[in-house]
Structures are given as C-alpha cells and as structure tokens.
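The structure under discussion appears below in the form of structure tokens.
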Amino acid sequence: MAKVLDGSTDGVKRAVEILKEGGLVAFPTETVYGLGCDALDENAVRRVFEVKKRPLSKPLIVGVSEIDEVYKIAEVTGEAERLMKEFFPGPLTIVLRKKLVIPSIVTAGMNKVAVRMPDHEIPLKLAKKLGRPIVVPSANKTGKPSPTTYKHVLEDLGNEIDAVIVGECSFGIESTIVDLTVRPARVLRTGAVKVNELRKSIDVVVEPQKDEIYTISSPVYVFVGERAEERVREFAERMAERGMKVAVIARRKIFENTIILGESIEKYSSKLFSAVREAELLRPDLIVIEGIEEEGIMDRLRRLAGEKIFRA
Ligand code: AMP
Ligand code: MG
C-alpha cells in the first residue's frame, strides 16, 4: 500500500528519496493529482505507464521547477519564451522539440516533449530537490476521471504506487496544451488557461478536440443552457418516478440525492471530478449533471457524458 505523506518538509524529503530510488509518488498540483517519477529514469517511467494502464503511444507531460530547466530538455523558441514569461508557473503545457536527455519512452517516441511548471509548491519542491524534471500525468487509471483528492488516488492506484502526498488541487481540470513546434501554434487540449488568454501573447489555432470518453460506472446525462437546472430536476424526478436511482450533480440542492458543486465557476470546476466519483459510490442507475458552458469544463462534460449532452 502507498505511504501517505504530508506536505511538510519531512514528507517532501521522504518523497524525494523515493523518487531517487526510481519510485512513484502521487502529489497534488494546481490542476489535478499528478503521478510523478524521475523523468530521466526510463524504468521508473515505464512503471508509470504500467500502473496507469496507459498505452505507450500516449506521451507524458514533464514538469520542471524553474524556467531555466526547460532549456536543458527542449529547444526553446521565442513564442515559448513569451508564454513561459506569462503563464509559468501555471496550468499551461507547451510542446517543444525535445533534447536527447529526455528518454523516448516519455514522449512516445516523438521528437517533441510537453513541458509545464506547476503552480503548486509540492511538485515544485519535488523537482527542485530531486534536481531533475519529473513526469506529471494525472494519478488515475487511464479512462477514469482525473483524481482531485488523495483518497481518490488511493482508490485507483493505492496498491501500485509508493507514496501519495496529501494536499489540495485548485482548478480541478487539466492544463491547456499548446504545440509550439508548428506554425501557427496549435491548442491540442483546452483547459485551465483560456485560449483568449493565450491569444494575447501568441497566434494560435484550436485543434478539433479528440475527446476520450471516461469510463463511469453509471450512465451520465448532462444538461446545459439557461434552463439547465430546471431540466436536470425534471429529468431526475421523471426517472425517479420510474423507479430508477438517480444521483444529481448540480450547483445547488435541487433533488434529494444532490452532490452540490457551488455557485462559482471555480468551485464548480474544482469539485466536478470528485463529485462524479462520489456519485458513482451511490451506485445509481444514472447520474444527471447540471453543466456549464465554459471552455475547459465543456470538454470534461463531453468526456463524462459522450453524446448524452442536452441543451435546455
Ligand atoms: P495527460 O497525461 O492525460 O494529461 O495527457 C497528456 C497529453 O499531453 C497527451 O494526451 C497529449 O495530448 C499531450 N502530450 C504530451 N506529450 C506530448 C508530446 N510530446 N507531443 C504532443 N503532445 C503531447
Ligand atoms: Mg490523464
């Protein structure tokens, strides 16, 4: 079973020792929980793919503790410098031509590497004290929503990783990814940094998003639009009348079984994934979510519900 460490100096020190031995440590970041190892240790990286059951064709993001470190692992362009100045540390990942030090398993054999500098003291300290970059994929099994609490990490990976550090994630959705190896730069994944924010620094186009659908143990329905709350309540009540067990995830309590996200967009996004896991534990016949049409959040709702998103 994974050791549960706190974010104190001692906890971080122990975690760094584990990383030095090639171990795997999960930690909070400002987006979601990450699963880290020494990014230059090929065997450790292989274990990350194994425990996440992640296909070797899907590259890992590399986390650094300082902007200077990016120059050691990648070819830094002018656009990269502008974005780093504006958004590092923060929930933006940039894709650059890689240097040889990064093992090819990290990048799924590609000659480019995705890099970010998390805005959270735990991963920053880990990479700094290790003196090397760390990989920072989400700490879940492939196909599940990303974990945002250490308990959710333990549910998914508790038996297979060496330690988890207790702490808080703030955004609750993943980093925005922009590929700077092409012109114009391409947003590969929308996320916590808005495309319009990027456009203040560089020219970008947004790739059609390849949404992978998460595996949720009950079917998920989402309603968005002005009447979303009303439609969620109506739908939940109708299904309950038919004898189904319904779990609702909404901004306020609108049904008996409601997991409440809160009114602000920040609260909504930070709690969405953990609310889905909470709803799954109720073993409902269906989960109904009040969606909000925010960039980044809509992506995650599509991954949760697939085609079952309705505009009200
Ligand atoms: P995740 O670890 O689930 O946050 O996913 C990381 C995502 O980052 C991948 O699915 C890719 O879209 C992207 N990514 C990571 N490394 C690279 C790379 N070297 N080149 C292009 N995209 C990358
Ligand atoms: Mg992931």
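When a ligand or atom number is given, it counts from 1 through the structure's own listing order.
- When the options Glu174, Arg54, Lys112, Lys52 are ranked by their closest heavy atom to atom 6 (C) of ligand 1, first place goes to Arg54.
- Surrounding CZ of Arg252 are at most 12 heavy atoms belonging to other residues, nucleotides or ligands under 6.0 Å away.
- For atom 7 (C) of ligand 1, the nearest non-hydrogen atom of the protein is Ile177 CD1, 3.6 Å.
- Nearest protein heavy-atom contact of atom 22 (N) of ligand 1 is Leu188 CD1, 3.7 Å.
- Residue Arg189 touches ligand 1 through its side chain alone, judged by heavy-atom distances below 4.0 Å.
- Within the 4.0 Å heavy-atom cutoff, Val95 counts among the residues contacting ligand 1.
- Judged by distance alone, with hydrogens and angles left aside, the side-chain atoms of Glu75 form no donor-acceptor pair with the main-chain N or O of Arg97 at under 3.5 Å.
- When heavy-atom distances to ligand 1 are checked against a 4.0 Å cut-off, Val113 comes that close only through its backbone atoms N, CA, C and O.
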Start with the C-alpha distance between Val136 and Thr29, add both sets of side-chain angles, then the distance that settles side-chain contact (heavy atoms from CB on, under 4.5 Å), and finish with yes or no. CA-CA 9 Å; Val136 290; Thr29 78; 5.5 Å; no

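- With hydrogens left out, the protein atom closest to atom 10 (O) of ligand 1 is Lys58 CE, 3.1 Å, a heavy atom.
- Within the 4.0 Å heavy-atom criterion, the part of Leu60 lying near ligand 1 is the backbone and not the side chain.
- Of the protein's non-hydrogen atoms, the one nearest atom 18 (C) of ligand 1 is Met110 CE, 3.6 Å.
- Not a single N, O or S atom of Thr142, from either the backbone or the side chain, sits less than 2.8 Å from the Mg ion (ligand 2).
- Leu304 and Phe310 fall into different hydrophobic clusters, defined by Ile, Leu, Val, Met, Phe, Trp and Tyr side-chain heavy atoms under 4.5 Å apart, directly or through other members.
- Residue contacts with ligand 1 for Lys98 are absent, since no atom lies close enough (heavy atoms, distance under 4.0 Å).
- Counting non-hydrogen atoms of other residues, nucleotides and ligands closer than 6.0 Å to NZ of Lys267 gives a total of 12 or fewer.
- Leu281 CG: more than 12 foreign heavy atoms inside a 6.0 Å radius.
- Proximity of Arg186 to ligand 1, defined as any heavy-atom pair under 4.0 Å, is not found for any part of the residue.
- For Arg186 (side chain) and Ile177 (main-chain N/O), no donor-acceptor pair under 3.5 Å exists by modelled atom type.
- Residues Tyr71 and Phe88 are members of one and the same hydrophobic cluster, defined by side-chain heavy-atom contacts under 4.5 angstrom among Ile, Leu, Val, Met, Phe, Trp and Tyr.
- Among protein heavy atoms, the minimum distance from atom 14 (N) of ligand 1 is reached at Pro59 CG, 3.8 Å.
- A salt bridge links Glu229 with Arg233: the distance from a Lys NZ or Arg NE/NH1/NH2 to an Asp or Glu carboxylate oxygen falls below 4.0 Å.
- Shown in contact with Pro137 at under 4.0 Å from a heavy atom are these atoms of ligand 1, numbered in order with element: 2 (O).
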